[in-house]
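Below is one structure, written out as structure tokens, with a few remarks after it.
Counting from 1, the numbers follow the sequence of the chain as shown. These values consider heavy atoms only, across backbone and side chains, with no hydrogens, waters or symmetry-generated copies.
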Amino acid sequence: MLAHRRQRLLAFAVVLLGLLGGWFAQRTRQTVEPPDAYQSGQPDYIVDGLRAIELNISGQPARRLNAKQLRHYPEDDSTELDQPRMILYNDQAPPWRISSDSGWVSAGSERILLSGAVRAQRAATSETDAMAFATSEIELFPDDRLAETDRFVELERGPDRLTAIDGMRFWYSEPMHGKFFGRVRARIATDKK
């Protein structure tokens, strides 16, 4: 009878240890995340001192991007940039150089939103004056070579000046053209040298 009691006690102890081991394993699995898991809303990687160049189909530079820091978010495949500096190359004209305080790039780079002190400039050619514009926020659509904003914008082309209170839609490839919205004021120099 004593042996029978010991067997029951031993069986009970084994079952109890099995249950405790299962509970411990389940609890450990729920609280420990794999090292590569990210928190929702957190970047999955960060790049400091970014310098990147995109080539066109013939191997020539199409776009260049420098940024103090890049943060990539896997949830929507978007990217945030600190102090981005972009160069948009054009075979037919000098490149556009664009800078801002911050930036956001959509998945696939179809949309680029630049914020803060946005400034864009293009050097003069033998046939055209230098050109620059400034605003507080602008959205670029690189595939369409389109820039648009609904914010105050100031445009300079040589001695000419133009401001638009409600923004612009500007196609920056050749031939350049744009639409300006809201109250638009222009000062056109009549005596160009």
Side-chain angles (χ1 to χ4, degrees), residues 33-124 130-157 162-174 176-182:
E33 291 184 15
D36 61 346
Y38 61 90
Q39 298 294 323
S40 179
Q42 297 296 314
D44 60 343
Y45 62 86
I46 297 172
V47 178
D48 289 322
L50 174 73
R51 295 173 56 115
I53 188 163
E54 180 183 339
L55 304 177
N56 63 20
I57 197 161
S58 61
Q60 298 300 313
R63 294 185 276 221
R64 184 180 301 264
L65 172 64
N66 295 344
K68 184 175 181 180
Q69 187 177 81
L70 172 146
R71 291 173 302 282
H72 179 264
Y73 294 88
E75 293 167 330
D76 61 358
D77 197 26
S78 68
T79 303
E80 289 181 348
L81 304 167
D82 291 340
Q83 299 177 3
R85 306 289 179 258
M86 298 176 64
I87 300 175
L88 305 175
Y89 294 99
N90 185 340
D91 295 340
Q92 303 165 7
W96 280 95
R97 298 177 183 279
I98 306 170
S99 63
S100 69
D101 294 334
S102 62
W104 174 85
V105 182
S106 70
S109 302
E110 289 120 11
R111 291 176 48 220
I112 301 169
L113 179 64
L114 301 174
S115 304
V118 180
R119 179 115 174 112
Q121 48 195 353
R122 191 180 89 163
M131 191 171 191
F133 65 82
T135 187
S136 61
E137 184 176 278
I138 197 158
E139 194 167 8
L140 302 174
F141 300 90
D143 293 341
D144 298 326
R145 296 190 177 257
L146 171 66
E148 63 182 15
T149 182
D150 60 0
R151 308 286 175 94
F152 177 84
V153 64
E154 182 174 13
L155 180 77
E156 300 173 3
R157 185 171 187 165
L162 182 141
T163 60
I165 289 180
D166 293 330
M168 70 174 183
R169 177 175 269 184
F170 185 74
W171 289 266
Y172 53 84
S173 63
E174 298 300 319
M176 289 186 302
H177 59 286
K179 295 180 181 181
F180 300 91
F181 305 105

A117 and D101 have their tightest heavy-atom pair at N-OD2, 3.1 Å
Would you check, one step at a time, whether the test side-chain contact (heavy atoms from CB on, under 4.5 Å) holds for L70 with L81?
CA-CA 5 Å; L70 172 146; L81 304 167; 3.8 Å; yes
Run M168 and T149 through side-chain contact (heavy atoms from CB on, under 4.5 Å) and show every step you take.
CA-CA 6 Å; M168 70 174 183; T149 182; 4.2 Å; yes
Determine the minimum heavy-atom distance between Y89 and P61, stating which atoms define it.
CB-O, 3.4 Å
Are I98 and L140 side-chain neighbours, meaning at least one heavy-atom pair lies under 4.5 Å?
yes
Neighbour count above 12 (heavy atom, 6.0 Å) for R85 CZ
yes
What ring pair (Phe, Tyr, Trp, His ring centres under 6.0 Å) pairs are there with at least one residue in residues 41-81, not counting sequence neighbours?
Y45-H72
Indicate yes or no: at least one non-hydrogen side-chain atom of V153 is less than 4.5 angstrom from one of F170.
no
Closest heavy-atom pair and its distance - A124, A130
CB-N, 3.4 Å
Can you confirm whether E174 sits close enough to D91 that some side-chain heavy atom of one is under 4.5 Å from a side-chain heavy atom of the other?
no
Would you confirm whether T135, through its side chain, and F152, through its main-chain N or O, come within 3.5 Å as a donor-acceptor pair?
yes
In terms of relative ring orientation, are Y172 and W96 parallel, tilted or perpendicular, with 30° and 60° separating the classes?
perpendicular
Under 3.5 Å, is there a donor-acceptor pair between the side chain of D144 and the main chain of L146?
no
Identify the two heavy atoms, one from N90 and one from S173, that lie closest to each other, and give their separation to 0.1 Å.
ND2-CA, 3.8 Å
Quick check: closest heavy atoms across E148 and I138, and the distance to 0.1 Å?
O-CG1, 3.4 Å
